[in-house]
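Take a look at the structure below.
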Amino acid sequence: MTHDELERALAELPFRLLRGLGRAIAGPPALRMGKRRLIHTIVAGAEANSARIEATFRTHQAEQGALAAGPAPAGGASSEHKSGNPADLRALLEGIGVPEPRPFVPDDWQVEAVEALERGDVIVSVPTGSGKTYVAVEATRRAMYEDRTVVYTSPLKALSNTKYTEFCKLFGPEFVGIITGDRRDNPTAPILIMTTEILRNLLYDAAGGEIDVRLDTLGLVIIDESQFLADPERGVVWEETIIFCPSQARLLLLSASIGNPHELAAWLTCIRPTPCHLVRHQHRSVPLRAAYLHPNGKLTPLFRTVTMPPSPSQAVLHPEAKRLFTLFEEDTVYARRSG
Amino acid sequence: MPPSIHPVHLVTVLRQKSLTPAIVFLTSRRSCDEALQAFEHATDPLPPARQENITAVLDELTAAYPSLQDHPLRRMVTACGVAAHHAGHLPSWKIAIEELMRRGCLDAVFATTTLAAGVDFPARTVVLTQSGVRRDQDFTDLTIAEVAQISGRAGRRGKDSVGFAIVTPSPYMDLGVLIRGLTGRPEPVDSQFIIAYPMVLNLLKAHPLDHIQSILAKSFAQYQMNAQAAHLEHRIEKLHAKLESYKPRECSDWLTQWNAYDHATRQTAMKLQARRHHPPEVRARLPFLTPGRVVAFPRFSGIVLRRYRSRGQRHETVTVLRKGGVVAESPVADIMGVIDHTFAFAPAPAFPWATTEALSWLTQQLEDLPKHLPFLTVPPAPDDGEGELVKSLGDLFPCPSCPCRPTCAKEFKAANTVKQEWLHHTRTVQSLRTGLWHKFQARADILQDLGYLDPAFKLTADGEWARLIRIDFSLLITELIRAQAFKDIAPSTLAGLMACIAYENDRPNSFPRISGVLASLVATARRMAEALAAYDDPPLLRADVGGLAERWVGDATLTWAQLCRATSMAEGDIYRLLSRTLEYLSQVHSLQSTHPDLATLAAEALSRIRRGVLEELP
Ligand SMILES: Nc1ncnc2c1ncn2[C@@H]1O[C@H](COP(=O)(O)OP(=O)(O)OP(=O)(O)O)[C@@H](O)[C@H]1O
Ligand SMILES: [Mg+2]
């Protein structure tokens, strides 16, 4: 059999058998693979496992034969999971809705970050949607009191625009300016919103001797979404901005959760005049739950636990989600991706 | 692949379970648009109060963004409370959708996964419909950071007590990838430092060459490489200690010496191998098989005329004179015994290897030989390959007779592995420590050759203005300026060329025709880019793309709608192309003091691009 023929033949197999085969070839990881990936894995390991593959095809034929000959093999299998466990779904959806309004109290980490900025640079690495903007705004407010210029950079024009609107509302439009690749609005304002490339260019000019008053009084540089440092094309601009950032200005790096915030902080401490303080946590302010929605509209928890498993190795699929996903894989017509 | 669940069904379920508002992440713009179209025929529109809410928000925003006024999707969004959000839309439209989401007016937004990072609006629920994302023609798994970025949109602080990430399958989905993404730790951020020409020029503007290395040393790239190097150096130290433990020998650099000896040994051994190929008793006979020797084969006896080995053959062969004057070739292995009798004869340099007289004389002698002659007793040869080797290499190397030889032979393999690893790591460390600097120097050398830097690596007059061009393909643009390629052209032609350089997509689309002037300018640019290919990757330089910018700048009466009709490109893409063109033009515009004419040209093009939709956003 050629690889293509084998692939097609495998696609005919029920998912259950495919998975058994996948497991024999690739071990437990196969249990989580989708049909396409299973087939690729099996084809890749076909040489060494031809006997097993043939045996599976024989089993399939035998089953088909049995099916044609008489009633389906009896077993509780189908009645057992007629309808998952409704209690689990109820638990999953419990508490959904709008929380009681509460007065705004900054989180400890937010206060910590703002205060640490008094002493030196700060990196904030917390989950998305935690409230990094609060830190940026509060730090901006403090710099304003001290008559210092603030630069806020983000990777995307769209984000810059959103922040521009937000800051205008907070501080008044006369205090906020925006500079993009082709336009400058109120470019002498004490709070300047720009893309990271623009700030890098300003820093180039300053280093080259073109004195820019704004950089003289620069007190704070906020770099939002600083995980962009790892962007293959533009990441270098983030590095340059940080390297050339004037020493009298404080750096505030805001980033989503990343794997190595310590390393970034250690780097900043190495090259900057003040030590860098790292604020990080992995706690989501609004808890997250995961569910599985079957194409027929049936909703079930994705994991056995209502809360998110803390690591992939502890992630156990809810039996109903597992059953439904397997069902889906079996039902999906396997169309080979062309090209 | 869109999810298997029907989008209307999906939203119905989400509504039923109070899981709205939701962001549904899909693979492509097309699936987003198709999902939205599916609502066209949905029966139940939103209750009037909610419709009015949406209309009010949109009206409010229309003041700032006039293009919202007649947006074709307005009616759908108002009636159904769902929207699509992707790069094919105008920024103003995306802003409107984001605002509607923020105010809780919509139930669902279909967005592309690629934009997860740029989506700055939260929802109660995110729906994940696939495990991969398209990246440069290829489909790759979502990273943990990407899944975290997507699921991070779920659960609005203050508005939700809990957020949901809902997985709904599509063909090809790999559940494992999503599970890892939802529960795993994001990948580390690694430096992607590259040294581009504008960086070199701007650094050398501000610092002398001998300061550069210390500036590069401040990069995160160097920080990470130093960490790697330190790790390797630790390993190198250990390897060094291990090498030391192989004590000094007779020769100071015994590893090199033995390596050479070993190599030579193997070479000679190969030559000797042929002989070793014979079994010992045959090998023992070889020295006796000289011309004139009488040998016995199972059926006959004969006289050896010569012994030889053909090319590529492992076995030796003898040419034998048989009874009746027959001259034949036989493998030496066929010889049954060596007879204690030889004849001296006059040899010849070619077949039959003996002079004619000698041959007839030998034939006669053979006839006259007694029937049964005694065989020489030849003891089987010992495995003397070693001995022969020693003999043949003794002159070149001290090793064969060196007292250290057995130790060297025993330890060489292990010690050499250590040494190779040591060498490899040492080289790696060297490139980790100095790689950036060397790359910088290489780029600086090129700029010097091209005349942007003087022999002392200071900026030349050309370098002074060239450093202001800080975009991709800066070298191409500055070289074109130096070649006077932009002399006497219209603003629309300049805009057209900048659009060609700025556009980096090879997706097929139809575009308006370009003018002959622009076509020849693009051809000039292409030749220039090819000439510079050794220094910088050339841009795609698709000529057709330039037509859009050329028309928009060239015809001030052209409306946005007319421009959009002139191409099959999506509105959002046209906007992005023109705004990138703006960026490139304003770089050219910054050359006022050295190239006033060109700067005026660019300013003209800039002011003509900025109208209508392109004026809506800062
Ligand atoms: N201490 C707090 N208590 C209650 N709500 C808060 C608090 N801090 C911030 N928020 C709210 O949390 C929401 C998300 O905040 P924000 O946009 O700053 O998140 P973020 O960390 O910047 O996320 P992203 O990674 O998406 O940029 C906002 O609506 C904000 O008002
Ligand atoms: Mg943010």
Side-chain angles (χ1 to χ4, degrees), chain A residues 32-34 36-37 93 95-99 127-129 131 156 158-159 161-162 164 178 180-183 185 201 204 207-208 227 229-232 235-236 239 243 256-260 264 267 270-271 285-293 295 297 299 302 308-309 311-312 315 325 328 332, chain B residues 4-5 9 13 17-18 91 94 118 120 122 148-149 151-157 159-169 171-176 179-180 182-194 199 202 205-206 215 218-221 223 470 579 582-583 586 606 617-618:
Chain A
R32 282 190 185 153
M33 287 180 189
R36 170 177 57 101
R37 198 170 280 227
L93 296 178
I96 202 168
V98 185
T128 314
L156 303 163
L159 290 180
N161 282 322
T162 318
Y164 177 59
I178 184 164
T180 68
D182 57 79
R183 167 167 284 198
D185 270 11
N201 290 351
Y204 271 168
Q227 72 275 7
L229 191 107
D231 186 85
V236 58
E239 276 189 58
I243 301 168
S257 297
I258 52 170
N260 56 344
L264 274 180
W267 167 53
C270 243
I271 64 162
S285 32
V286 178
L288 183 67
R289 294 179 196 161
Y292 173 82
L293 178 62
L299 192 70
L302 181 62
M308 276 292 188
S311 72
F325 187 68
F328 168 79
T332 316
Chain B
S4 297
I5 190 167
H9 191 192
V13 173
K17 306 276 187 205
S18 313
K94 291 198 280 183
D120 190 27
Q149 190 73 247
S151 61
R153 304 281 155 221
R156 299 156 297 174
R157 261 195 113 162
K159 287 194 198 146
D160 291 314
S161 32
V162 48
F164 288 87
I166 296 182
V167 175
T168 191
Y172 305 133
M173 173 188 272
D174 186 342
L175 197 54
I179 291 170
R180 228 174 302 129
L182 286 169
T183 57
R185 197 184 136 96
E187 295 80 6
V189 155
D190 286 323
S191 172
Q192 303 290 336
F193 204 78
I194 32 181
M199 184 201 280
N202 282 287
K205 162 76 181 168
I215 294 170
K218 286 173 141 191
S219 62
F220 189 48
Y223 182 85
R470 295 148 176 173
S579 90
L582 274 173
E583 230 167 276
S586 50
L606 281 167
L617 285 172

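Keep in mind that what you see is a predicted model, and the values were worked out from it rather than measured. Lettering of chains follows the sequences in order, A, B, ..., and the numbering in each one begins at 1.
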Checklist entry - Rounded to the nearest 0.5 Å, how far does OG1 of Thr128(A) lie from CD of Gln149(B)? => result 4.5 Å
Checklist entry - For the candidates Pro295(A), Gly297(A), Ser311(A), which exhibits the highest count of non-hydrogen atom pairs separated by less than 4.5 Å from chain B? => result Pro295(A)
Checklist outcome for this item: Honestly, the part of Arg289(A) sitting under 4.5 Å from a heavy atom of chain B is both
Item to check | Pairwise distance CD(Glu239(A)) to CD1(Ile194(B)) - rounded to 0.5 angstrom | outcome: 10.0 Å
Checklist outcome for this item: Value for OG1 (Thr162(A)) from NZ (Lys94(B)), rounded to nearest 0.5 Å, stands at 10.0 Å
Next on the checklist: Using every non-hydrogen atom in the two residues, find where Ser161(B) and Gly95(A) come nearest and quote the distance to one decimal.
Outcome noted: OG-O, 2.7 Å
Item to check | Pro312(A) and Ile179(B), any side-chain heavy atoms less than 4.5 Å apart | outcome: no
Checklist entry - Using non-hydrogen atoms only, which part of Arg180(B) is less than 4.5 Å away from chain A: side chain, backbone, both, or neither? => result both
Item to check | Considering all heavy atoms, the nearest Pro171(B)-Phe328(A) contact | outcome: N-CZ, 3.8 Å
Item to check | Atom pair CG (Asn260(A)) and CD (Glu187(B)), whose distance is rounded to the nearest 0.5 Å | outcome: 10.5 Å
Checklist outcome for this item: Ranking Phe220(B), Tyr223(B), Phe193(B) by heavy-atom pairs under 4.5 Å to chain A gives rank one to Phe220(B)
Checklist entry - To the nearest 0.5 Å, how far apart are OH in Tyr204(A) and NZ in Lys205(B)? => result 14.5 Å
Checklist outcome for this item: So NZ of Lys218(B) and CH2 of Trp267(A): to nearest 0.5 Å the spacing works out to 10.5 Å
Checklist outcome for this item: If one checks every heavy atom of Phe325(A) against chain B at 4.5 Å, the contacting part turns out to be side chain
Checklist outcome for this item: Residue from Gly129(A), Pro309(A), Ala256(A) scoring the most non-hydrogen pairs under 4.5 Å with chain B is Pro309(A)
Checklist outcome for this item: Given Ile166(B), Val189(B), Leu182(B), the one with more heavy-atom pairs under 4.5 angstrom with chain A than any other is Val189(B)
Item to check | With Pro91(B) via side chain to side chain contact (heavy atoms under 4.5 Å, CB included) - residues at least two apart | outcome: Tyr575(B), Leu617(B)
Checklist entry - If you count heavy-atom pairs under 4.5 Å between each of Gly131(A), Gly235(A), Pro127(A), Ser257(A) and chain B, which one has the most? => result Ser257(A)
Checklist entry - So which part of Leu288(A) gets closer than 4.5 Å to some heavy atom of chain B, the side chain, the backbone, both or neither? => result both
Checklist outcome for this item: Residues passing the ring pair (Phe, Tyr, Trp, His ring centres under 6.0 Å) test with Phe164(B), sequence neighbours excluded, are none
Checklist entry - If you count heavy-atom pairs under 4.5 Å with chain A, which of Gly163(B), Gly152(B), Gly155(B) comes out on top? => result Gly163(B)
Item to check | Region of Ala290(A) in contact with chain B, defined by heavy-atom distances below 4.5 Å | outcome: both
Item to check | Distance-minimising heavy-atom pair for Lys17(B) and Ile96(A) | outcome: O-CD1, 3.6 Å
Checklist entry - What option among Ile5(B), Thr183(B), Ile215(B) has the most heavy-atom pairs under 4.5 Å with chain A? => result Thr183(B)
Item to check | Side chain, backbone, both or neither of Leu229(A) within contact of chain B (heavy atoms, under 4.5 Å) | outcome: both
Checklist entry - When heavy-atom pairs shorter than 4.5 Å are enumerated against chain A, which of Leu606(B), Thr168(B), Asn202(B) gives the highest number? => result Asn202(B)
Checklist entry - Taking Ala148(B), Pro188(B), Ala206(B), Gly176(B) one by one, which has the highest count of heavy-atom pairs under 4.5 Å against chain A? => result Pro188(B)
